[in-house]
A.B. asks: 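Here it is, the structure in full.
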Protein chains: 2
Amino acid sequence: MMSEQGSGEQLSRRDELKGAGLKVTLPRMKILDLLEKSNQIHMSAEDVYRQLLEMGEDIGLATVYRVLTQFEGAGLVKRHHFDTGHSVFELERGDHHDHLLCIKCGRVEEFIDEMIEKHQKSIAKQRGFTITDHSLVIYGICKQCR
Amino acid sequence: MMSEQGSGEQLSRRDELKGAGLKVTLPRMKILDLLEKSNQIHMSAEDVYRQLLEMGEDIGLATVYRVLTQFEGAGLVKRHHFDTGHSVFELERGDHHDHLLCIKCGRVEEFIDEMIEKHQKSIAKQRGFTITDHSLVIYGICKQCR
DNA sequence: AACTAAATGAAAAGTAATCTCATCCTTACC
DNA sequence: GGTAAGGATGAGATTACTTTTCATTTAGTT
């Protein structure tokens, strides 16, 4: 007796995975779920792993790394390097944005500036580059930390 | 009998080190020398280490890492993270600039755009951030690689 | 329900970077 | 110029992060 488990949300998650050519497995669903529900914008593989453990899920660290990398390839998440030495992942919500990062507390704010985007495009064009991606991070000290 | 080894160039390098509060040692001089003379703008610690080996210098990798980090602290070099997973170092020449990076051949071009700089400052101000640094990298495919 | 291929978990391996500590070299002082 | 003291170095151990391997499990198909 199959109960109607699939909420609309879960169905759409299923589709995201299928659309990416990935089998719908428990670990993948749980990780996607966590990324969507977490209030943390950027999560490292370790963060994801630990939170899953706390939730009682038994998912290996290797799987977390593997799945996050696959999600990146599928365009479901974006990987950032910032200046920390390890990767953090952010759910791709379609809206490109840049980052402001507090070097004291780690706080991250997002922003977009159309003028900056335009200038970037024109610079790339001038130099004969076809843009595939770009990354703008402003490091500083936030209001609360001063 | 000490011969007059010090060219003007070497003297200024000496001063750079002293000014940074660092003893003038052979490894530091060689590394600084390499960074100044290399035609590679960005070098990883491994790059520096290997090139020194090739030049017949016997400088340990640990020293290269240590010295580059000290140079960074002293403002002699700038460390970049890009999206490669490891750090690269660039000699600090006083002129701030951003980067265009070809993801196929690794080619790096530098650029500055005053308008972008201004917009960054105004965004940080709006949000109450005091900027300490910023990093803008445009990833793409260069003319030659297409 | 059974089959096939892909996905997973645990442990091993691989990288980049840092640390430890005995030895060496610079600098400051005589 | 010689010498003492403390910082600097090199080799190897160590850490942190990430990827790979391989036996087992699971999802999607028949």
Side-chain angles (χ1 to χ4, degrees), chain A residues 2 5-6 10-11 13-32 34 42-50 52-53 56-74 76-77 79-89, chain B residues 1-3 5-6 10-11 13-32 34 42-50 52-53 56-74 76-77 79-89:
Chain A
M2 299 271 113
Q5 274 214 345
Q10 285 193 335
L11 282 174
R13 249 175 247 138
R14 251 167 214 287
D15 293 343
E16 286 185 86
L17 291 176
K18 286 198 176 160
L22 298 170
K23 275 191 188 174
V24 179
T25 65
L26 215 81
R28 286 180 184 151
M29 289 293 276
K30 292 293 180 190
I31 292 172
L32 195 48
L34 177 60
H42 299 102
M43 300 184 82
S44 69
E46 279 284 345
D47 290 337
V48 171
Y49 176 64
R50 266 197 302 270
L52 287 171
L53 273 191
E57 302 297 337
D58 201 13
I59 295 175
L61 183 56
T63 300
V64 173
Y65 273 106
R66 216 163 9 207
V67 167
L68 286 173
T69 302
Q70 290 163 339
F71 283 5
E72 185 194 12
L76 296 179
V77 305
R79 184 196 299 254
H80 299 289
H81 286 87
F82 300 145
D83 279 1
T84 54
H86 63 269
S87 302
V88 293
F89 299 85
Chain B
M1 56 190 77
M2 297 271 114
S3 68
Q5 273 214 345
Q10 285 192 335
L11 282 175
R13 249 175 246 138
R14 250 166 216 286
D15 293 343
E16 287 185 85
L17 291 177
K18 286 200 175 159
L22 298 169
K23 276 189 187 173
V24 179
T25 64
L26 214 81
R28 286 180 184 150
M29 290 292 276
K30 292 293 179 190
I31 292 172
L32 195 49
L34 177 60
H42 298 101
M43 300 185 83
S44 68
E46 278 285 345
D47 290 339
V48 171
Y49 175 64
R50 265 198 302 272
L52 287 172
L53 272 191
E57 302 297 337
D58 202 11
I59 295 175
L61 183 56
T63 300
V64 173
Y65 273 106
R66 215 165 8 210
V67 168
L68 286 173
T69 302
Q70 291 162 340
F71 283 4
E72 185 194 12
L76 296 179
V77 304
R79 184 196 297 257
H80 299 289
H81 285 87
F82 300 148
D83 279 0
T84 54
H86 64 269
S87 303
V88 293
F89 299 84

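Naming convention: chains lettered A, B, ... in sequence-line order (proteins, then strands); numbering from 1 in each chain. Below, all heavy atoms of this structure are taken into account, side chains as well, without hydrogens, waters or symmetry copies.
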A.B. asks: Nearest nucleotide by nearest heavy atom, which residue falls closer to the 5' end of DNA chain C, B:Lys18 or B:Leu61?
C.D. replies: B:Leu61

A.B. asks: Out of D:dT19, C:dA7, D:dG10, which has the shortest distance to the side chain of A:Thr69?
C.D. replies: D:dT19

A.B. asks: Considering only D:dA8, D:dT18, C:dG9, which nucleotide approaches the side chain of A:Pro27 most closely?
C.D. replies: C:dG9

A.B. asks: B:Arg14 CZ to C:dC25 P: how many Å, rounded?
C.D. replies: 16 Å

A.B. asks: Side chain of B:Ala62 only, heavy atoms from C-beta on: which candidate in D:dA11, C:dA11, C:dT27 is closest?
C.D. replies: D:dA11

A.B. asks: Determine whether B:Phe89 and B:Val48 make a side-chain contact, defined as any pair of heavy atoms from C-beta on separated by less than 4.5 Å.
C.D. replies: no

A.B. asks: Take the protein atom NE2 of A:His86 and the nucleotide atom P of D:dT15, then report the distance between them rounded to whole Å.
C.D. replies: 19 Å

A.B. asks: If we count only N and O atoms by modelled type, under 3.5 Å, do the side chains of B:Thr63 and B:Arg66 hold a donor and an acceptor together?
C.D. replies: yes

A.B. asks: Starting at CD of B:Glu72 and ending at C1' of C:dA17, how long is that distance when rounded to a whole Å?
C.D. replies: 13 Å

A.B. asks: Where do B:Glu46 and B:His86 land on the side-chain contact (heavy atoms from CB on, under 4.5 Å) test, with the steps shown first?
C.D. replies: CA-CA 10 Å; B:Glu46 278 285 345; B:His86 64 269; over 6 Å; no

A.B. asks: Please tell me which of the listed nucleotides, D:dG10, D:dT18, D:dC22, lies nearest to the side chain of B:Ile59?
C.D. replies: D:dG10

A.B. asks: How far does NE2 of B:His81 sit from OG of B:Ser87, to the nearest 0.5 angstrom?
C.D. replies: 4.0 Å

A.B. asks: Please figure out whether B:Thr25 or B:Tyr65 has its closest DNA chain C nucleotide nearer the 5' end.
C.D. replies: B:Tyr65

A.B. asks: Does B:Arg13 use its side chain to pair, donor to acceptor, with the backbone of B:Met29 at less than 3.5 Å?
C.D. replies: no

A.B. asks: Could you check how far CD of A:Gln70 sits from P of D:dT20, rounded to whole Å?
C.D. replies: 12 Å

A.B. asks: Rounded to whole Å, please give me the gap between CD1 in B:Ile31 and C1' in D:dG10.
C.D. replies: 12 Å

A.B. asks: Could you check which of C:dT27, C:dA7, D:dT9 has an atom nearest any side-chain atom of B:Lys23?
C.D. replies: C:dT27

A.B. asks: Give one of base, sugar-phosphate or nothing for B:Arg66, where a contact means two heavy atoms less than 4.0 Å apart.
C.D. replies: base

A.B. asks: When we call it a touch if two heavy atoms are under 4.0 Å apart, what does B:Ser87 touch: a base, just sugar-phosphate, or nothing?
C.D. replies: sugar-phosphate

A.B. asks: CG of B:Asp58 versus C1' of D:dA8: gap in Å, rounded?
C.D. replies: 15 Å

A.B. asks: Round to a whole Å and report the spacing from CG of B:Leu17 to P of D:dG7.
C.D. replies: 17 Å

A.B. asks: Rounding to a whole Å, what distance do you find between B:Leu68:CG and C:dA16:P?
C.D. replies: 15 Å

